[in-house]
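Reviewing the structure listed below.
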Amino acid sequence: MKFLSGFAAVVLSIGANVGDAVPLLSNSATFTTLSGMFGISRGGGLFGGAGKKKDSVEDVRDKLRAESGETFPALSQQEIEEWLGHIPVFAVTDSNGAGVVLKPDNSTSVMYFFLSPQMANATLAQLKSTNDELDLKLSAFSLGKIWFKILNGDQSDIKLKQPGADDSEAEIGGKVEYRLVPDTRDLLGARMLLTMTPEDGEEMKKAGDEMTPELAQKAVEKAMTESPEFKENYNEIPIFLIAQMRMQKPGGEGEEAKTILPMYFSLQTMVSTWQQFMSSQSDPDLKSMEPAINVMNLHKLVEMMSKPSEIDFRSCLLLPPVPVGPKQSDLGAESGASSSVGMGSGGTLGDL
């Protein structure tokens, strides 16, 4: 184990103000509930929705392109950094903020960033159990600040040093592989969304709360072996969205409210938000709608944003997996979702 210096400049210091956004509906997509294994009651329809394409990029582009056919300018690197800036990621560091670099084999040096603080804490506990003299802690970083500078940046000025060594003994220019690790539940959810057929979904839906362990195991095995994407336990980060759902973000003084498309790291949080919103509807047809879920790789999403697109990414909001500030469940609580309805167009180190 070694320490990687120079991380103090990117410690998370930005909060996301999403507490006053209100879910809305859009009729721009067909409707396709989640399995109890993800902590969400009822269903199987989400996983077996009809009409899903094998190419997640093409699928998202088809669902979200502007009805006007307008092409929107590419986001600059600064805009992308700001778009990701309020998302916290967690890493094990020393007391000075130097990142811990591990060697899963003799030829690889790895530093892990976790989207799940629980997984990061489990890793910290694992490392402390091997050497309780090490002064280690969890540090939070801004995903926007590290996306280009660290995760996808130049490594020429990296300094690696052994625990207890000073900077004069540091190895300069050492190569480190950075691994961004998603929550394992969301990784499994993404694989299931991409592998289950409408027939699989109907079978799970009929089983409901009485789903057998055999049926659940069958679905998991299929997801683990047949998913066309998200095959790795790191650097393939699923982002979930419901094409019909929008959020109304109040404008500032003298500004109009803005309609935005929420995107989620957490599948369970997204569907729970949807179900909470739908349960407040008085229209029986509206209450019975099931969401059409799409999933996309974060790296591919950022690549799309950096080019001219028919999707207005400036009207999209990425919601952190762990709410920063107001609780996620409070979305829309103040004004009441029904008043703003609109139908408009555990694991530790994964692979170690």
Side-chain angles (χ1 to χ4, degrees), residues 16-34 40 46 49 51-52 56 59-72 75 79 83-84 86-87 193 238-252 255-283 285-296 298 301 304-305 309-321 323 326-345:
N17 182 18
V18 297
D20 48 5
V22 180
L24 293 181
L25 291 176
S26 167
N27 61 359
S28 61
T30 56
F31 296 92
T32 67
T33 26
L34 265 190
I40 299 168
L46 291 179
K52 287 191 176 71
S56 60
D59 201 11
V60 169
R61 186 179 288 119
D62 286 347
K63 295 278 180 63
L64 301 184
R65 60 163 46 102
E67 294 181 356
S68 63
E70 180 181 358
T71 297
F72 299 91
L75 272 68
E79 286 180 302
W83 194 75
L84 296 169
H86 63 278
I87 305 299
L193 282 165
I239 300 297
F240 304 94
L241 61 97
I242 295 176
Q244 310 103 296
M245 186 163 71
R246 297 294 185 273
M247 301 172 104
Q248 191 73 29
K249 186 171 180 128
E255 297 180 348
E256 294 184 0
K258 184 176 183 179
T259 301
I260 56 176
L261 171 70
M263 296 182 174
Y264 294 78
F265 284 95
S266 170
L267 177 59
Q268 180 175 337
T269 299
M270 181 182 70
V271 178
S272 295
T273 302
W274 170 269
Q275 291 179 334
Q276 178 186 359
F277 172 62
M278 297 306 289
S279 66
S280 68
Q281 305 309 308
S282 57
D283 186 336
D285 292 334
L286 205 58
K287 291 176 74 77
S288 64
M289 286 181 179
E290 291 185 349
I293 289 185
N294 283 92
V295 59
M296 190 170 179
L298 178 60
L301 184 61
M304 287 177 66
M305 298 171 74
S309 174
E310 295 174 285
I311 301 173
D312 182 10
F313 286 111
R314 293 177 178 84
S315 295
C316 298
L317 175 66
L318 188 60
L319 295 174
K327 292 182 179 179
Q328 183 72 27
S329 59
D330 290 339
L331 287 175
E334 290 190 14
S335 59
S338 59
S339 65
S340 299
V341 173
M343 296 295 291
S345 28

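Computed over heavy atoms, backbone and side chain alike; hydrogens, waters and symmetry mates excluded.
- Rounding to the nearest 0.5 angstrom, the gap separating the CG atom in L317 from the NZ atom in K249 is 6.0 Å.
- Within the model, atoms CE of M245 and CZ of F277 stand 9.0 Å from one another, a figure rounded to the nearest 0.5 Å.
- A pairwise comparison of heavy atoms in E310 and T71 identifies CG-OG1, 4.2 Å as the closest pair.
- Looking at S309, its side chain never comes within 3.5 Å of a backbone N or O of M305 through a donor-acceptor pair.
- I242 contributes atom CD1, which lies 10.0 Å from atom CG of N294 (distance to the nearest 0.5 angstrom).
- The shortest heavy-atom contact between F313 and W83 is O-NE1, 3.9 Å.
- Looking at every heavy atom in both residues, V60 comes nearest to I311 through O-CD1, 4.1 Å.
- Rounding to the nearest 0.5 Å places CG of L301 at 5.0 Å from CE of M263.
- Here the CE-CG distance, from M270 to L319, works out to 10.5 Å after rounding to the nearest 0.5 Å.
- Just one residue in the list L261, I260, T259 forms a side chain to side chain contact (heavy atoms under 4.5 Å, CB included) with M247, and that residue is I260.
- One finds the OG1 atom of T269 at 10.5 Å from the CZ atom of F240 (value rounded to the nearest 0.5 Å).
- Residues L241 and Y264 are not in side-chain contact: their nearest non-hydrogen atoms beyond the backbone lie 4.5 Å or more apart.
- Closest non-hydrogen pair, K258 versus R314, comes out as NZ-O, 3.0 Å.
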